[in-house]
Number of protein chains: 2
Amino acid sequence: METIEQVLESKNIRVTAMRMLIYKFLVEKEVAVTLSDIENAFVKADRTTLYRTIKTFEEKVIVHQIDDGTGITKYALCEEGCNCDIKNDLHLHFHCNNCNETICLTEHKIPQIKVPDGFVSENVNLVVKGICDKCSG
Amino acid sequence: METIEQVLESKNIRVTAMRMLIYKFLVEKEVAVTLSDIENAFVKADRTTLYRTIKTFEEKVIVHQIDDGTGITKYALCEEGCNCDIKNDLHLHFHCNNCNETICLTEHKIPQIKVPDGFVSENVNLVVKGICDKCSG
DNA sequence: TAACAAATGCACTTCCATTGCACTTACTAT
DNA sequence: ATAGTAAGTGCAATGGAAGTGCATTTGTTA
Ligand SMILES: [Mn+2]
Ligand SMILES: [Mn+2]
Ligand SMILES: [Zn+2]
Ligand SMILES: [Zn+2]
């Protein structure tokens with residue numbers, strides 16, 4: 001079991017108190033979070049720091065960004081071997097219209113999408129909206 | 001060939017000069033437009049009017065909204081028989097990473113997406129990003 | 001043409017994202 | 001250990017897009 005310090009160091013990110021806390025927060029959450037979610041969890045920290053921390057995490061492929069159509073960008077931890085830096089994330093995302101949470105369905109890969117002649121597909125964003133397992137039960 | 005007045009009337013929208021101009025603008029554009037695009041095309045008109053006009057068009061199913069992941073909502077004319085009001089738009093959208101334009105691929109329907117047990121899919125947003133035909137030529 | 005409803009214009013507001021700059025903290029080389 | 005440097009943090013401010021309240025104008029209908 002890797003410690004948080006080890007995770008950060010392995011990604012060439014300087015270890016700071018704030019970064020460890022935010023990383024821990026992301027691990028414990030199972031859903032994608034907004035910057036405001038992080039803000040609310042760390043009221044004593046400055047918004048800018050949180051913002052730049054998540055941007056650093058994104059750059060270093062610790063988290064990936066999710067546009068679920070709510071208008072607010074969300075972030076979730078990358079999986080082992082995630083290559084969202086070179087290609088867009090290949091798994092699909094689910095947004096619950098009831099509890100308003102967004103989750104990664106990492107097991108569900110995006111099918112091959114055909115595009116017309118002359119078009120070149122580089123990546124695909126796919127968000128399914130509906131009712132999640134917790135809300136449909 | 002229907003006139004613009006006839007189109008608007010058939011959708012139960014009051015015909016005004018502004019609305020006819022905006023409709024004409026949308027018809028002539030083949031790509032999805034942002035509110036700013038419309039603003040730039042009609043500098044003498046007030047932003048609010050353009051905003052509310054496009055919202056009216058959306059409500060009356062003359063245009064549909066597109067979230068292409070750029071963070072700015074875009075709008076494009078609905079096709080004949082478009083049912084984007086009851087279900088999300090079924091065709092896919094293409095965003096060109098080169099010219100930054102977004103277009104409807106109305107011929108290309110979104111494939112059925114499987115979701116895990118317990119999840120209920122209500123609608124799907126699918127955006128393909130890459131190079132469009134004009135830019136790849 | 002009078003009366004009413006809807007459309008427009010102006011001024012604000014809110015929310016999220018982003019940046020510049022000063023200050024503090026962490027790493028590195030002596 | 002200490003100084004120097006690079007990176008991280010906090011504060012203040014900005015900008016863009018979306019949305020709202022209200023007064024005024026325009027269109028419709030009786
Ligand atoms: Mn994901
Ligand atoms: Mn479309
Ligand atoms: Zn739910
Ligand atoms: Zn293009």
Side-chain angles (χ1 to χ4, degrees), chain A residues 3-26 32-60 62-75 95 100 102, chain B residues 3-25 32-60 62-76 95 100 102:
Chain A
T3 66
I4 296 179
E5 281 98 328
Q6 286 169 337
V7 173
L8 296 181
E9 275 165 3
S10 74
K11 300 273 187 175
N12 289 311
I13 298 179
R14 277 201 188 176
V15 178
T16 69
M18 208 58 248
R19 288 173 175 178
M20 289 200 288
L21 286 169
I22 295 176
Y23 185 85
K24 188 161 172 288
F25 174 75
L26 291 170
V33 300
T34 65
L35 196 56
S36 298
D37 291 335
I38 305 179
E39 261 184 270
N40 294 334
F42 301 99
V43 283
K44 283 186 290 186
D46 187 77
R47 247 179 50 77
T48 315
T49 304
L50 305 175
Y51 171 74
R52 289 201 259 237
T53 300
I54 206 79
K55 285 291 159 194
T56 302
F57 282 8
E58 195 185 350
E59 217 169 87
K60 303 289 184 169
I62 282 188
V63 299
H64 61 270
Q65 202 172 323
I66 302 167
D67 172 15
D68 62 7
T70 56
I72 304 155
T73 35
K74 296 187 177 170
Y75 302 89
H95 177 77
N100 213 37
T102 298
Chain B
T3 65
I4 296 179
E5 281 98 327
Q6 286 170 337
V7 173
L8 297 180
E9 276 165 2
S10 74
K11 300 274 187 175
N12 288 311
I13 299 179
R14 277 201 188 176
V15 177
T16 69
M18 207 59 248
R19 286 173 176 177
M20 288 199 290
L21 286 170
I22 295 176
Y23 186 84
K24 187 162 172 287
F25 174 75
V33 300
T34 65
L35 197 56
S36 298
D37 291 335
I38 305 178
E39 260 183 270
N40 294 334
F42 301 99
V43 283
K44 284 187 290 188
D46 187 76
R47 251 198 58 255
T48 316
T49 305
L50 304 175
Y51 172 73
R52 288 200 260 235
T53 299
I54 206 77
K55 286 290 159 195
T56 303
F57 282 7
E58 195 184 351
E59 218 170 86
K60 303 291 183 167
I62 282 188
V63 299
H64 61 271
Q65 202 172 324
I66 303 168
D67 173 14
D68 63 6
T70 56
I72 304 156
T73 35
K74 296 187 178 171
Y75 302 89
H95 177 78
N100 213 38
T102 298

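Throughout, a chain's letter reflects where its sequence line sits, starting with A, and its residues are numbered from 1. These numbers were taken from a predicted model, which means no experiment stands behind them.
Pairs of residues two or more places apart, or lying in two chains, that qualify as side chain to side chain donor-acceptor pair (under 3.5 Å) and include a residue from residues 43-54 of chain B are B:Asp46-B:Thr48.
A:Ile54 has its side chain within reach of A:Leu26: a pair of non-hydrogen atoms, C-beta onward, lies under 4.5 Å apart. The side-chain heavy atoms of A:His64 and A:Glu58, taken from C-beta on, include no pair separated by under 4.5 Å. Taking 4.5 Å as the limit, every side-chain heavy atom of A:Lys11 sits out of range of all side-chain heavy atoms of A:Glu59. Here the side chains of B:Ile22 and B:Lys24 are not in contact, with every heavy-atom distance at 4.5 Å or above.
With sequence neighbours excluded, the residues that form a ring-ring contact (aromatic ring centres under 6.0 Å, His included) with A:Phe42 are A:Phe25. A:Lys60 meets the salt bridge (Lys or Arg N to Asp or Glu O under 4.0 Å) test with no other residue; sequence neighbours excluded.
Close approach of DNA chain C to chain A, defined as any atom under 4.0 Å from a non-hydrogen atom of the protein, starts and stops at C:dC16 to C:dC21.
The distance from atom CD1 of B:Ile66 to atom OH of B:Tyr75, rounded to the nearest 0.5 Å, is 10.5 Å. If you take CD1 on A:Ile72 and CG on A:Leu35, they are separated by 10.5 Å, rounding to the nearest 0.5 Å. The CZ atom of A:Arg19 sits 5.0 Å away from the OG1 atom of A:Thr56 when rounded to the nearest 0.5 Å.
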Nucleotides 17-23 of chain D: protein proximity per nucleotide (B base, S sugar-phosphate only, - neither; heavy atom, under 4.0 Å): SBBBBB-
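Near-neighbour residues of DNA chain D inside residues 6-25 of chain B, defined by a heavy atom below 4.0 Å, number-ordered: B:Arg14.
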